[in-house]
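So the structure is just underneath, and the comments pick up after that.
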Amino acid sequence: MPELPEVEVSRQLLLPLVRGRRIERIVHQDPKRYKDTDRAAGQRIHDLRRRGKFLIFDLDRGHLVVHFGMSGGFRFAPTPHTRAVLELEDRRLYFHDPRRFGYLRWVARPEAVPLLATMGPEPLSEAFTPAYLRRVLAGRRRPIKSALLDQRLVAGLGNIYSDEALFKARIHPLTPAGALGPRRIARLHGAIREVLTRAIAAGGSTLADKSYLRPDARPGYFQIEHAVYGREGQPCPVCATPIARVRVAGRSSYFCPRCQRAGGRLASK
DNA sequence: AACGTACCCTGCCGGC
DNA sequence: TGCCGGCAGGGTACGT
């Protein structure tokens, strides 16, 4: 499913193709889900930015805000699940959204999207520091996995990359966020950056269900490097203990029960 | 306030 | 073999 790396890879691929181009019109049949898209017609694209898992087309007036949901993405060719078509002056972009969890909307200001107005710092920016993480996790009782999925704390992490970062930092997903000491938070901070950076370089993750493909329909390759995500019962790449799965905040969480010990500061010692 | 849970939607998988 | 319930999960709305 598209998370920060997949959206960033799409952005990098699309940017040189859309910058300076005019959107002639946007065609779709789901006005409840894809809102005010007529307002984008006739406008030129000045930039294509990413914020968390959102893509933002900066137009002459306003912005076209796009979210891939859990199965969406832009494609250069139509698919059986094309839900909208962006007709540019020299090419068409097809919005592929099989499960219809995606989001496509024109807004005057990005902050008009509630989540964009409250979104936490970009994990690969300088604003995301170990001190910031310590501050927002302090005193919280919620499981660290749940906190990492909260876009208001950190932007762009989803189920795959939060599990992979927790594994790399050797932190159990159910650990209360406030029980993490500075050393483990520093490790987590580094792990988040490393996992995301490597995933972007690998073109993102494409799972067996192909819920994410790049616009040119090529897959990403980071799934080869997944240590725990989707690998229940398979040996941990570090210690060969079978990977376990627990449910946290309604989501499956994969972890190594030996490398990622349960409990807080004391238990980790 | 801080947290968990049901829901949206569709494709796919396992069980019978 | 074929049907079908259950699961997957971004974000949101609502309950506790």
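First the proteins, then the strands, lettered A, B, ... as listed; each starts at 1.
Residue A:His67 has its side chain nearest to C:dG10 when only B:dC9, C:dT12, C:dG10 are considered. Among B:dG11, C:dG10, C:dA8, the nucleotide with an atom closest to any side-chain atom of A:Asn159 is C:dG10. The A:Lys53 side chain lies nearest to C:dG11 when the options are C:dG11, C:dG9, B:dC9.
With hydrogens and angles ignored, no donor-acceptor pair under 3.5 angstrom links the side chain of A:Arg251 to the base of C:dA8.
In this structure, the OH atom of A:Tyr161 is 14 Å from the P atom of C:dG9, given to the nearest Å. Across the protein-nucleic acid pair, A:Asp150 atom CG and B:dA1 atom P stand 15 Å apart, rounded to whole Å. A:Tyr212 has its OH atom 21 Å from the C1' atom of B:dT10, to the nearest Å. Taking atom CG of residue A:Leu104 and atom C1' of nucleotide C:dG11, one finds them 16 Å apart after rounding to whole Å. Between A:Glu232 atom CD and B:dC13 atom P the separation is 17 Å, expressed in whole Å. We find that CZ of A:Arg83 is positioned 11 Å from C1' of B:dG11, with the value rounded to whole Å. We find that CG of A:Leu157 is positioned 13 Å from C1' of C:dG10, with the value rounded to whole Å. C:dG11 atom C1' lies 14 Å from atom CZ of A:Arg105, rounded to whole Å.
Within the structure, a side-chain polar atom (N or O) of A:Arg100 is placed less than 4.0 Å from OP1 or OP2 of B:dT10. Residue A:His81 places at least one side-chain N or O closer than 4.0 Å to OP1 or OP2 of B:dG11. Using a 4.0 Å cut-off, some side-chain N or O of A:Tyr229 falls inside it from OP1 or OP2 of C:dG9.
Residue A:Phe101 and nucleotide C:dG11 are not classified as a stacked aromatic pair, given the requirement of ring centres less than 5.5 Å apart at an interplanar angle below 30°.
Electrostatic pairing of A:Lys53 and A:Glu6 does not count as a salt bridge here, judged by no charged N lying under 4.0 Å from a carboxylate O.
A centroid separation of less than 6.0 Å is found between the aromatic rings of A:His189 and A:Phe128.
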Check nucleotides 2-4 of chain B for protein N or O atoms closer than 3.5 Å to its own N or O atoms and list the pairs.
| unit_1 | atom_1 | unit_2 | atom_2 | d |
| --- | --- | --- | --- | --- |
| B:dC3 | OP1 | A:Arg141 | N | 2.8 |
| B:dC3 | OP1 | A:Arg142 | N | 2.9 |
| B:dC3 | OP2 | A:Arg140 | NH1 | 3.2 |
| B:dG4 | OP2 | A:Ser146 | OG | 3.4 |

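In this structure, A:Asp38 and A:Ile26 have side chains that are not in contact, with every pair of non-hydrogen atoms separated by 4.5 Å or more. Within the 4.5 Å cutoff, side-chain heavy atoms of A:Ser10 are placed close to those of A:Phe68.
No more than 12 heavy-atom neighbours from other residues, nucleotides or ligands sit within 6.0 angstrom of CZ on A:Arg39.
When only modelled atom types and interatomic distance are considered, A:His46 and A:Asp60 share a side-chain donor-acceptor pair under 3.5 Å. Counted by atom type alone, A:Thr82 and A:His96 present zero donor-acceptor pairs between their side chains at under 3.5 Å.
Within the 4.0 angstrom heavy-atom criterion, only backbone atoms of the sugar-phosphate kind lie near A:Arg245; the bases stay farther away.
The closest donor-acceptor contact from the side chain of A:Ser71 to the backbone of A:Arg99 lies under 3.5 Å.
Pairing for C:dT1 is absent, judged as Watson-Crick or G-U wobble with the two contacts each under 3.5 Å.
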